[in-house]
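Nothing here was measured: the structure is a model prediction, and the numbers come from that model.
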Amino acid sequence: MKNSRPGKHRSNRAWIQRHLGDPYVQAANREGYRSRAAYKLIEIDDRDRLIRAPATVVELGAAPGSWTQVLVQRLTDRAGQLRGRVIAMDLLPIEPIAGVQFIEGDFREESVERSLIQALQGQPDDLIVSDMSPNLSGIGAADAARSQDLCELALQFAVHHLRPGGDFLVKAFQASGFSQYVAQLKRRFRSVTVRKPAASRAGSSEVYLLARGHKSEPGPAEITKEPGRAT
């Protein structure tokens with residue numbers, strides 16, 4: 001029987017070829033990172049000095065663990081001691097990483113959030129990072145709504161668990177609801193910066209919002225952006 005969807009197979013082959021030829025994929029394989037996404041966090045941290053030991057860090061959407069690897073590396077001193085705590089969460093399992101407490105589950109479920117709160121042992125976070133993405137359906141409006149929902153949940157968690165002055169890094173997509181979400185961040189943090197790391201694919205609407213200086217009370221703040229990039 002003839003293949004009824006030859007176009008799909010050609011598309012898959014083209015994706016595999018692009019993926020294998022991607023310099024960030026090659027670098028991740030060479031340097032032992034679990035995915036190319038590691039270089040997004042590395043670039044942001046190199047520029048903004050976000051990961052500062054000692055610190056308690058919560059990571060939302062950790063699988064497969066490349067950001068977790070970067071967090072551990074940058075919180076580890078020259079003597080090989082982890083200076084702080086890393087608590088990571090994802091719906092999918094990840095291979096264990098030394099020094100990391102991992103919680104498996106759906107962040108939208110109250111039981112998972114309770115597990116995160118229990119792991120903090122009553123201590124506030126210094127930094128919360130979220131690389132969460134929804135399972136994409138290919139329907140733009142639906143995918144944007146799912147992504148926005150995850151961003152909202154991550155912000156709610158950050159507002160309740162960050163220490164005053166703490167920082168929050170979240171993946172967002174420049175789609176419906178983006179400007180309103182930025183406005184929410186501006187009320188809760190002293191500064192908000194849009195970052196588009198080089199490792200983010202050029203055709204993607206993905207950006208990262210770096211919110212610094214958590215306020216104990218919401219209020220006005222300024223947003224800054226990279227030159228030439230709309231917010």
Are [X] and [Y] linked, directly or through other ILVMFWY residues, by side chains that come within less than 4.5 angstrom of each other?
{"X": "V159", "Y": "L209", "answer": "yes"}
{"X": "V129", "Y": "I51", "answer": "yes"}
{"X": "V170", "Y": "L153", "answer": "yes"}
{"X": "V57", "Y": "I128", "answer": "no"}

Where is the tightest heavy-atom contact between [X] and [Y], given as atom of each residue plus distance?
{"X": "F102", "Y": "L92", "value": "CZ-O, 3.2 Å"}
{"X": "A211", "Y": "L185", "value": "CB-CD2, 4.3 Å"}
{"X": "R212", "Y": "D48", "value": "NH1-O, 2.7 Å"}
{"X": "A198", "Y": "Y24", "value": "CB-OH, 3.2 Å"}
{"X": "A119", "Y": "Q101", "value": "CB-NE2, 3.5 Å"}
{"X": "S66", "Y": "A38", "value": "OG-N, 3.5 Å"}

Are the side chains of [X] and [Y] in touch, meaning some heavy atoms are under 4.5 Å apart?
{"X": "I44", "Y": "P197", "answer": "yes"}
{"X": "H161", "Y": "V58", "answer": "no"}
{"X": "V192", "Y": "F168", "answer": "no"}
{"X": "S204", "Y": "F173", "answer": "yes"}
{"X": "K186", "Y": "V182", "answer": "yes"}
{"X": "V112", "Y": "E104", "answer": "no"}
{"X": "M132", "Y": "D90", "answer": "no"}
{"X": "L162", "Y": "F189", "answer": "yes"}

Quick check on R108: does its CZ atom have over 12 non-hydrogen neighbours (other residues, nucleotides or ligands) under 6.0 Å away? no
Please check if atom CD in E31 has more than 12 non-hydrogen atoms from other residues, nucleotides or ligands closer than 6.0 Å. yes
Between R163 and D126 (salt bridge meaning N to carboxylate O under 4.0 Å), is one present in this structure? yes
Less than 4.0 Å between a side-chain N and a carboxylate O, is that true for D167 and R52? yes
Checking salt bridge (Lys or Arg N to Asp or Glu O under 4.0 Å) between E206 and each of K40, R201, R195, which is the one that passes? K40
Looking at [atom1] of [X] and [atom2] of [Y], how far apart are the two atoms once the value is rounded to the nearest 0.5 Å?
{"X": "L50", "Y": "L41", "atom1": "CG", "atom2": "CG", "value": "7.0 Å"}
{"X": "L120", "Y": "Q118", "atom1": "CG", "atom2": "CD", "value": "10.0 Å"}
{"X": "S147", "Y": "F178", "atom1": "OG", "atom2": "CZ", "value": "10.0 Å"}
{"X": "Q184", "Y": "C151", "atom1": "CD", "atom2": "SG", "value": "10.0 Å"}
{"X": "L169", "Y": "L210", "atom1": "CG", "atom2": "CG", "value": "6.0 Å"}
{"X": "T56", "Y": "Q121", "atom1": "OG1", "atom2": "CD", "value": "9.5 Å"}

Verify whether one side chain among [X] and [Y] offers a donor that lies under 3.5 Å from an acceptor in the other.
{"X": "Q180", "Y": "Q148", "answer": "no"}
{"X": "E59", "Y": "T68", "answer": "yes"}
{"X": "Q69", "Y": "Q73", "answer": "no"}

Applying the side chain to side chain contact (heavy atoms under 4.5 Å, CB included) test to F107, which of L116, L150, L91 qualifies? L116
Test side chain to side chain contact (heavy atoms under 4.5 Å, CB included), reference V100, set I87, V86, L71, output is V86
Is there a donor-acceptor pair closer than 3.5 Å between any side-chain N or O of [X] and the backbone N or O of [Y]?
{"X": "R34", "Y": "E95", "value": "yes"}
{"X": "R190", "Y": "G165", "value": "no"}
{"X": "R188", "Y": "K215", "value": "no"}
{"X": "D125", "Y": "L127", "value": "no"}
{"X": "S200", "Y": "K196", "value": "no"}

Take S130 and K171 through the test side-chain hydrogen bond (donor to acceptor under 3.5 Å, both in side chains) and record every step on the way to the result. CA-CA 6 Å; S130 173; K171 176 160 69 179; over 6 Å; no
Evaluate side chain to side chain contact (heavy atoms under 4.5 Å, CB included) for D45 paired with V70, printing each intermediate quantity in order. CA-CA 10 Å; D45 188 52; V70 175; 5.8 Å; no
Apply side chain to side chain contact (heavy atoms under 4.5 Å, CB included) to the pair L155 and Y181, showing each step before the final yes or no. CA-CA 9 Å; L155 176 56; Y181 186 68; 3.6 Å; yes
Take Q81 and T76 through the test side chain to side chain contact (heavy atoms under 4.5 Å, CB included) and record every step on the way to the result. CA-CA 5 Å; Q81 297 297 313; T76 299; 5.8 Å; no
